[in-house]
Amino acid sequence: MAEKPQPVRVLYCAVCSLPAEYCEFGPDFEKCKPWLVQNAPDLYPDLVRDSNAKEADKVAEQLQSTGISSGAAGGAASSASKPEEVKRLPGGKIKKKEKPEVVIEKVTRNKRKCITTVKGLDLFGVKLSDASKKLGKKFATGASVVKGPTEKEQIDVQGDIAYDIVEFITDTWPDVPETAIFFIEDGRKVPAA
């Protein structure tokens, strides 16, 4: 008789809860590395080699910081070896800090009807619900606060009011400089000033 097949024992990562073989494809592989080196060194031999090299580098840095190595060269190396902390997105892209700016875009729908969207007023401390009421009263149109495609709130105003809106924004909210207001025309960001 043939033997019964035995179930496969799968080792799951305690950090990302994926099987250890798939950690490198998970959302936070950097956080998983210490756990993998300790619990699954046979799956990732490169990580074990890298961790051993890093430990040797740490010992060398500690020796330099205590002053055992040559004095002038050690001080210069320790100050140059501290890189600035930069927030990285998945894929290695660097996240830029958002500059506070107001972006005005005119969207045409149903051939003749337009909607003017105003994004970024909240970055200047403007309450969007109050701003939509003021815009609706000033231009005698409907205005509402909606979530845009990037899940950020924006103001949608019915009609093409892009011609007067810059002056109205700078007069109503003096915190918003005219240099921080941009139009989107033909897919390009154009300064309003």
Rounded to the nearest 0.5 Å, what separation is found between the [atom1] atom of [X] and the [atom2] atom of [Y]?
| X | Y | atom1 | atom2 | value |
| --- | --- | --- | --- | --- |
| Lys133 | Lys127 | NZ | NZ | 8.0 Å |
| Arg112 | Asn110 | CZ | CG | 10.0 Å |
| Glu30 | Cys23 | CD | SG | 12.0 Å |
| Arg109 | Gln158 | CZ | CD | 6.5 Å |
| Thr172 | Glu167 | OG1 | CD | 9.5 Å |
| Ile184 | Arg188 | CD1 | CZ | 11.5 Å |

Sub-4.5 Å side-chain heavy-atom contact between [X] and [Y]:
| X | Y | value |
| --- | --- | --- |
| Leu121 | Ile155 | yes |
| Ile169 | Val166 | no |
| Glu101 | Leu123 | no |

Determine whether Thr170 and Ile181 satisfy the following criterion, side chain to side chain contact (heavy atoms under 4.5 Å, CB included), listing intermediate values before the conclusion. CA-CA 9 Å; Thr170 53; Ile181 300 175; 3.9 Å; yes

Apply side chain to side chain contact (heavy atoms under 4.5 Å, CB included) to Lys119 and Lys152, showing your working. CA-CA 8 Å; Lys119 305 172 194 169; Lys152 290 188 177 180; over 6 Å; no

In terms of heavy-atom contacts, does [atom1] of [X] have more than 12 from other residues, nucleotides or ligands at under 6.0 Å?
| X | atom1 | result |
| --- | --- | --- |
| Gln38 | CD | no |
| Tyr22 | OH | no |
| Glu21 | CD | yes |
| Lys33 | NZ | yes |

Nearest heavy-atom pair of [X] and [Y]: which atoms, and what distance?
| X | Y | value |
| --- | --- | --- |
| Gln154 | Pro149 | OE1-CD, 4.5 Å |
| Phe29 | Glu24 | CD1-CA, 3.3 Å |
| Thr116 | Ile104 | CG2-CG2, 3.7 Å |
| Pro100 | Phe124 | O-CZ, 3.3 Å |
| Phe139 | Asp164 | CE2-CB, 3.5 Å |
| Tyr12 | Ser17 | CD2-O, 3.8 Å |

What I want to find out is whether Glu185 reaches Lys106 closely enough, with some N-O distance under 4.0 Å, to be called a salt bridge. no

Side-chain heavy atoms nearer than 4.5 Å, only ILVMFWY residues, links allowed to pass through others: does that put [X] and [Y] together?
| X | Y | answer |
| --- | --- | --- |
| Leu36 | Leu18 | no |
| Phe168 | Val118 | yes |
| Val15 | Leu11 | yes |
| Ile161 | Leu128 | yes |
| Val176 | Phe183 | yes |

Apply side chain to side chain contact (heavy atoms under 4.5 Å, CB included) to residues Phe182 and Val102 and explain how you reach the verdict. CA-CA 6 Å; Phe182 295 92; Val102 177; over 6 Å; no

ILVMFWY clustering at 4.5 Å (side-chain atoms), partners of Ile115: none

Donor-acceptor pair, side chain of Ser132 and main chain of Ser129, under 3.5 angstrom: yes

